[in-house]
Amino acid sequence: MTTIKVALDFSREPGGRHASDGPFSGETFRGLLHRAFQKPGDVTVELDGVRGYGSSFLDEAFGGLIREGLVGYAEVKNRLVLVSERKYLLDEIRECIEDAKIYG
Amino acid sequence: MNPDQYWHTAGVAALLGAFISAVVNVVGWIANHQFSRKRQREADCGKKVDECKRLIRDFRDASYNYWLVCGDDPRSKPLEDQIYRLTQDYLGELESLKDRFSGFSHINGLSLKKSATSGDFGSVRRQANDGVRVQVQADANLLISALDRDFNSQFR
């Protein structure tokens, strides 16, 4: 199992969609997620402890993982474990994944 | 009627009267208690709904001003920080409302957040966008209307 604590392993201020938007964009985080999915076992993402997440960041990171063909929809559904005290955040990421379903 | 019968009848009548009075008092107390509880619940819910609406309006206004300027404008970054904070505030308050009062369970606050923070949100190359501003206002108004409607359907 691989665990990514966003606040510790990535940034307390994630933001932006593309890598050109800044060092802690959704696209950059997607690379971290992709590397985690290349290892065996579940991928746990602990989301709390950061300033917040824009929808552009979440869509590019989680939806983009499927849209870009890096990880299949079924694999994301089976292996991704999201941890947050904020239910709405979990709901939004699940929506990003469902919206990208047609691609993977 | 001899004196014994008189006192016996009077005693039974007095007991019956006391019993009926006690029952009326208990029923009245229960009804009053239930009514007070309902009023208290309505007041508590009303406060939470008002707080949700205030935070949604703040979020709407910050988002409106954010999409009024481009990403390289010096006003953009502080507004972006404000939007992050207000997102947690209004969605957190909405979740708390839904946890405490079941009548709001179908309300979805995410559409508003998505309207305001999708696209180029967070990019220095972001362009001011009239379409996003209009959509944010429309979604905020829809959310506020849904809160009012659900509150009224439960308590009015």
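Throughout, protein chains are lettered first and strands after them, A, B, ... in sequence-line order, and every chain is numbered starting at 1.
Clustering ILVMFWY residues whenever any of their side-chain heavy atoms sit less than 4.5 angstrom apart, transitively, puts B:Tyr66 in a cluster other than the one holding B:Val69. When hydrophobic clusters are built by joining Ile, Leu, Val, Met, Phe, Trp and Tyr residues whose side-chain heavy atoms come closer than 4.5 Å, directly or via intermediates, A:Val50 is grouped together with A:Ile4. Linking Ile, Leu, Val, Met, Phe, Trp and Tyr whenever their side-chain heavy atoms come within less than 4.5 Å puts B:Phe155 and B:Leu147 in one cluster. Following chains of ILVMFWY side-chain contacts shorter than 4.5 Å, one can reach A:Leu90 starting from B:Ile107, so the two form part of one hydrophobic cluster. A chain of hydrophobic side-chain contacts below 4.5 Å, direct or via other Ile, Leu, Val, Met, Phe, Trp or Tyr residues, connects B:Tyr90 to B:Ile144.
Only the side chain of B:Leu110 has a heavy atom closer than 4.5 Å to any heavy atom of chain A. Contacts between A:Ser20 and chain B at a heavy-atom distance below 4.5 Å involve backbone atoms as well as side-chain atoms.
In this structure, the side chain of B:Glu95 engages the main chain of A:Tyr88 through a donor-acceptor pair within 3.5 Å. Side-chain N or O atoms of B:Gln88 include one that pairs as donor or acceptor with a backbone N or O of A:Arg51 at under 3.5 Å.
With rounding to the nearest 0.5 angstrom, the CD atom of A:Glu92 is 6.0 Å from the OG1 atom of B:Thr117.
Looking at A:Arg17 and B:Asp120, no side-chain N of the basic residue comes within less than 4.0 Å of a carboxylate O on the acidic one, giving no salt bridge. Remark: A:Glu95 engages B:Lys114 in a salt bridge, criterion side-chain N to carboxylate O under 4.0 Å.
In terms of non-hydrogen atom pairs under 4.5 Å with chain B, the most contact-rich of A:Arg86, A:Glu85, A:Glu13 is A:Arg86.
Residues of residues 55-83 of chain A that come closer than 4.5 Å to chain B, counting heavy atoms only, are A:Ser55, A:Ser56, A:Leu58, ordered by residue number. Of residues 27-49 of chain B, not one residue has a non-hydrogen atom less than 4.5 Å from any non-hydrogen atom of chain A.
Under the side chain to side chain donor-acceptor pair (under 3.5 Å) criterion, B:Asn108 pairs with no residue at all, not counting sequence neighbours.
For A:Lys101, the NZ atom sits in a loose shell: 12 or fewer heavy atoms of surrounding residues, nucleotides or ligands are nearer than 6.0 Å.
The stretch residues 136-148 of chain B participates, sequence neighbours left out, in these side-chain hydrogen bond (donor to acceptor under 3.5 Å, both in side chains) pairs: B:Lys53-B:Asp148, B:Ser115-B:Asp139, B:Gln135-B:Asp139.
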